[in-house]
Amino acid sequence: MRLKMESYIKEKQKEIVAALEKVDGKSFIIDSWERKSSGGGGISCILQEGNVFEKAGVNISVVYGKLPRAAIMKMKADHKNLDPSVESLDFFAAGLSMVLHPKNPMAPTVHLNYRYFETMAEDGSTQSWWFGGGTDLTPSYLFDEDAIHFHKTIKEACEKHDKRYYPTFKKWCDEYFFVKHRGETRGVGGIFFDDLDDKDPEQLFSFVQDCLNSFLPSYIPIIQRRKDMPYTPEEKDWQQLRRGRYVEFNLVHDRGTAFGLNTPGARVESILMSLPLTAGWKYMHSPAPDSREERLLEVLRKPVDWV
């Protein structure tokens, strides 16, 4: 499974980068890196100040080594089979992570991450394993048809495998991507799951493949519709404020960011590639009554069943 996941995410990274380059018209910078102090490495594909994307990152990592106690404790709340008494743990992790921040405030930010994780016994045999991941859409201006299309596409991928997956993982996404100190979700959701080991690993690998394969059909039609729409300076300012909320979630609440930064040999540039190039904060900002901005906040405070 380690080799299969590594091969698959390398293939998908190339496919997604090629599709996004067609949309943007500019090329990604390809940055290969190694964890010299431990094991493994990755490939970060980054586009900054493009024609369509202000910042876009499509990263893969295949890393292994020893998890220190700090990283184990960060994971313990969600992975009950980890032994919290050990000082370190041999592990293997492979995943693809992506965040796209478009220039146009009418075009939504999107996030995706799918990963495979193993812990190993001293002889190298697998001790525990699981899949995790998901994808979610974060608009500054809400177009219902975009949210419906995004959710419908990912729901179809889920239902090929288990009818319970979409409603369960949609709810999990709404609860996980929640900015607690603001009382609102980060965006209009999608799916999120972790610690998934309830079926044969080949079945779950097939599920993860279908989810990742559904990304381009879920997002490319949306970005094509919105990337050239007109917008005002005031609408750009609102996008900056919404990006500020995105930053708040990723730095305050996101477990993946905390785990990455607690892993020895962590590549900070790749971990923080999810942050936008620009963002803004205004003191006590409140949108006008009955505005599009206010409607977005209403939806973020009370998640919608889009399909």
Side-chain angles (χ1 to χ4, degrees), residues 2-34 40-63 93-104 106-116 131-139 146 149-154 156-158 160 187 190-191 205-229 246 256 267 269-277:
R2 298 176 203 173
L3 293 174
K4 285 180 181 179
M5 188 67 175
E6 179 177 355
S7 174
Y8 175 66
I9 59 176
K10 285 180 177 177
E11 168 197 326
K12 293 307 294 184
Q13 183 186 42
K14 289 177 183 176
E15 179 186 322
I16 291 170
V17 164
L20 295 176
E21 286 179 340
K22 275 189 179 178
V23 171
D24 191 276
K26 283 193 175 182
S27 297
F28 279 72
I29 296 167
I30 300 174
D31 179 20
S32 298
W33 51 274
E34 292 182 5
I43 304 169
S44 297
C45 296
I46 305 296
L47 177 65
Q48 289 189 149
E49 298 179 317
N51 297 312
V52 173
F53 297 106
E54 187 173 297
K55 186 179 180 189
V58 186
N59 294 355
I60 61 167
S61 62
V62 180
V63 297
L96 185 152
S97 183
M98 172 174 57
V99 179
L100 311 178
H101 292 290
K103 282 185 171 181
N104 194 314
M106 301 300 150
T109 285
V110 69
H111 158 260
L112 173 148
N113 174 275
Y114 291 104
R115 58 195 176 274
Y116 174 70
F131 288 92
T135 182
D136 66 292
L137 197 69
T138 305
D146 293 352
H149 171 78
F150 186 82
H151 277 266
K152 183 180 178 184
T153 307
I154 195 66
E156 288 170 356
C158 289
K160 290 180 184 178
I191 61 167
F205 180 45
S206 176
F207 166 62
V208 166
Q209 287 176 296
D210 280 336
C211 288
L212 188 43
N213 290 344
S214 75
F215 169 71
L216 290 175
S218 76
Y219 187 70
I220 294 298
I222 296 173
I223 192 67
Q224 293 285 22
R225 281 199 294 266
R226 309 300 170 203
K227 66 185 178 70
D228 297 317
M229 289 183 70
Y246 202 93
R267 194 165 193 272
E269 288 294 326
S270 295
I271 294 167
L272 298 183
M273 74 89 187
S274 64
L275 302 183
L277 200 59

Distance-only, no hydrogens or angles: does the [X] side chain make a donor-acceptor pair with backbone N or O of [Y] under 3.5 Å?
X: Y8; Y: Q209; answer: yes
X: H149; Y: P217; answer: yes
X: D24; Y: L20; answer: no
X: K103; Y: G50; answer: yes
X: S7; Y: K4; answer: no
X: K26; Y: N51; answer: no

Are any of the side-chain heavy atoms of [X] and [Y] separated by less than 4.5 Å?
X: K12; Y: F215; result: no
X: C45; Y: I29; result: no
X: L100; Y: Y219; result: yes

Least distance between heavy atoms, [X] atom then [Y] atom:
X: A157; Y: D210; value: CB-O, 3.7 Å
X: V58; Y: Q13; value: O-NE2, 2.9 Å
X: I46; Y: M273; value: CD1-CB, 4.2 Å
X: V208; Y: Y114; value: CG1-CB, 3.9 Å
X: K55; Y: L277; value: CD-N, 3.9 Å
X: L96; Y: I9; value: CD1-O, 3.7 Å

Once you round to the nearest 0.5 Å, how far does [atom1] of [X] lie from [atom2] of [Y]?
X: H101; Y: T138; atom1: NE2; atom2: OG1; value: 8.5 Å
X: D146; Y: R226; atom1: CG; atom2: CZ; value: 4.0 Å
X: T153; Y: L216; atom1: OG1; atom2: CG; value: 11.0 Å
X: L47; Y: I30; atom1: CG; atom2: CD1; value: 11.5 Å
X: E21; Y: F53; atom1: CD; atom2: CZ; value: 11.0 Å
X: I223; Y: N104; atom1: CD1; atom2: CG; value: 7.5 Å

Open item on the list: Determine whether D31 and R267 satisfy the following criterion, side chain to side chain contact (heavy atoms under 4.5 Å, CB included), listing intermediate values before the conclusion.
Closed with: CA-CA 12 Å; D31 179 20; R267 194 165 193 272; 2.5 Å; yes
Open item on the list: Assess the residue pair S218 and T135 against the criterion (side chain to side chain contact (heavy atoms under 4.5 Å, CB included)); give the C-alpha distance rounded to whole Å, side-chain angles, the decisive distance to 0.1 Å, and a yes or no.
Closed with: CA-CA 10 Å; S218 76; T135 182; 5.8 Å; no
Task: Pairing of R2 and E6 as salt bridge, 4.0 angstrom limit - done: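 No, this pair does not count.
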Open item on the list: Atom CD of residue position E34 - does it have more than 12 heavy atoms of other residues, nucleotides or ligands inside 6.0 Å?
Closed with: no
Task: NZ/K14: more than 12 non-hydrogen atoms of other groups inside 6.0 Å - done: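 No, the 6.0 Å shell around NZ holds no more than 12 heavy atoms from other groups.
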Task: Qualifying residues under salt bridge (Lys or Arg N to Asp or Glu O under 4.0 Å), relative to D228, sequence neighbours excluded - done: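 D228 satisfies salt bridge (Lys or Arg N to Asp or Glu O under 4.0 Å) with no other residue.
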Task: Geometric class of the F205/F131 ring pair [parallel <30°, tilted 30-60°, perpendicular >60°] - done: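 Correct class here is parallel.
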TODO: Compute the ring centroids of H111 and Y246, then answer whether they are less than 6.0 Å apart.
DONE: no
Task: Side-chain donor-acceptor contact under 3.5 Å, S44 with S270 - done: yes
Open item on the list: Pair L137, I222 - check side chain to side chain contact (heavy atoms under 4.5 Å, CB included), show working.
Closed with: CA-CA 11 Å; L137 197 69; I222 296 173; 4.3 Å; yes
